[in-house]
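Because only heavy atoms are used, hydrogens play no part in the values below, and waters and symmetry mates are left out as well, while side chains stay in.
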Amino acid sequence: MTNDEKMTLVKELILSRDVEAARQHPGLAEEIPMLEMLATAFSDVKAEIPLQFCDGDWVATQVIYHQTHTGTFMGIPATNKRIKTEVLMFHRVVDGVIVQQHSQANSAEMMRELGALQGPGH
């Protein structure tokens with residue numbers, strides 16, 4: 001599998017946020033509960049991928065999600081706010097299958113945008 005094919009596979013899964021597609025990739029199994037929670041809490045999701053590169057079996061991706069908070073998220077009732085969440089993802093792709101996945105979201109900024117956390121100096 002070429003680097004471009006690996007990046008395309010990862011990009012398609014990220015942009016779709018498809019739980020059933022994630023089930024087909026063992027490296028994403030732990031993400032399924034989070035995907036289901038996000039799908040019920042946020043709507044009108046748009047994703048942009050400003051940076052993505054491949055090194056060997058690994059694909060690194062920066063994703064910025066723009067979404068509207070229309071359902072309960074981690075105990076926070078819907079605010080109908082449009083928020084932005086940056087996520088850094090690292091996927092290991094072997095023979096066309098994601099076999100390992102790590103991600104880190106800017107959760108503190110997300111909670112600030114939802115009004116659940118005050119920013120510095122407040």
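Nearest heavy atom pair, residue Ala78 against residue Gly71, reads CB-N, 3.6 Å. Between Pro77 and Thr72 the shortest heavy-atom distance is CA-OG1, 4.1 Å.
To the nearest 0.5 angstrom, Thr61 atom OG1 is 6.0 Å from Ile49 atom CD1. The line from OG1 of Thr8 to NZ of Lys11 is 6.5 Å long, rounded to the nearest 0.5 Å. Here the straight-line distance linking atom OG1 of Thr68 with atom NZ of Lys81 works out to 12.5 Å at 0.5 Å rounding. Annotation: the span from Ser103 atom OG to Met34 atom CE amounts to 8.0 Å, rounded to 0.5 Å.
The residue from Gln67, Glu109, Glu113 that alone fulfils the side chain to side chain donor-acceptor pair (under 3.5 Å) condition with Thr85 is Gln67.
Met7 and Val97 sit in two unconnected hydrophobic clusters of ILVMFWY residues. Membership requires side-chain heavy atoms under 4.5 Å apart, directly or through other members. Note on Trp58 and Val63: separate hydrophobic clusters, where clusters join Ile, Leu, Val, Met, Phe, Trp and Tyr whose side-chain heavy atoms are under 4.5 Å apart, directly or indirectly. Each of Leu88 and Leu38 belongs to its own hydrophobic cluster when Ile, Leu, Val, Met, Phe, Trp and Tyr are linked at side-chain heavy-atom distances under 4.5 angstrom. Cluster annotation: Ile76 is connected to Met37 through the hydrophobic network of ILVMFWY side chains, with a link wherever side-chain heavy atoms come within less than 4.5 Å. Cluster membership check: Ile64 does not share its hydrophobic cluster with Phe42, using side-chain heavy-atom separations under 4.5 Å among Ile, Leu, Val, Met, Phe, Trp and Tyr.
Counting heavy atoms from C-beta outward, Val87 and Asn106 have side chains that stay 4.5 Å or more apart. Using a 4.5 Å heavy-atom threshold, the side chains of Ile98 and Val93 count as touching. At a threshold of 4.5 Å between non-hydrogen side-chain atoms, the residues Gln52 and Val10 count as touching. The shortest distance between side-chain heavy atoms of His69 and Met110 does not fall below 4.5 Å.
Annotation: Asp55, atom CG; neighbour count of heavy atoms from other residues, nucleotides and ligands within 6.0 Å does not exceed 12. Residue-environment remark: CG (Asp44) exceeds the threshold of 12 foreign heavy atoms within 6.0 Å.
Side-chain polar atoms of His102 and Gln100 form a donor-acceptor pair below 3.5 angstrom.
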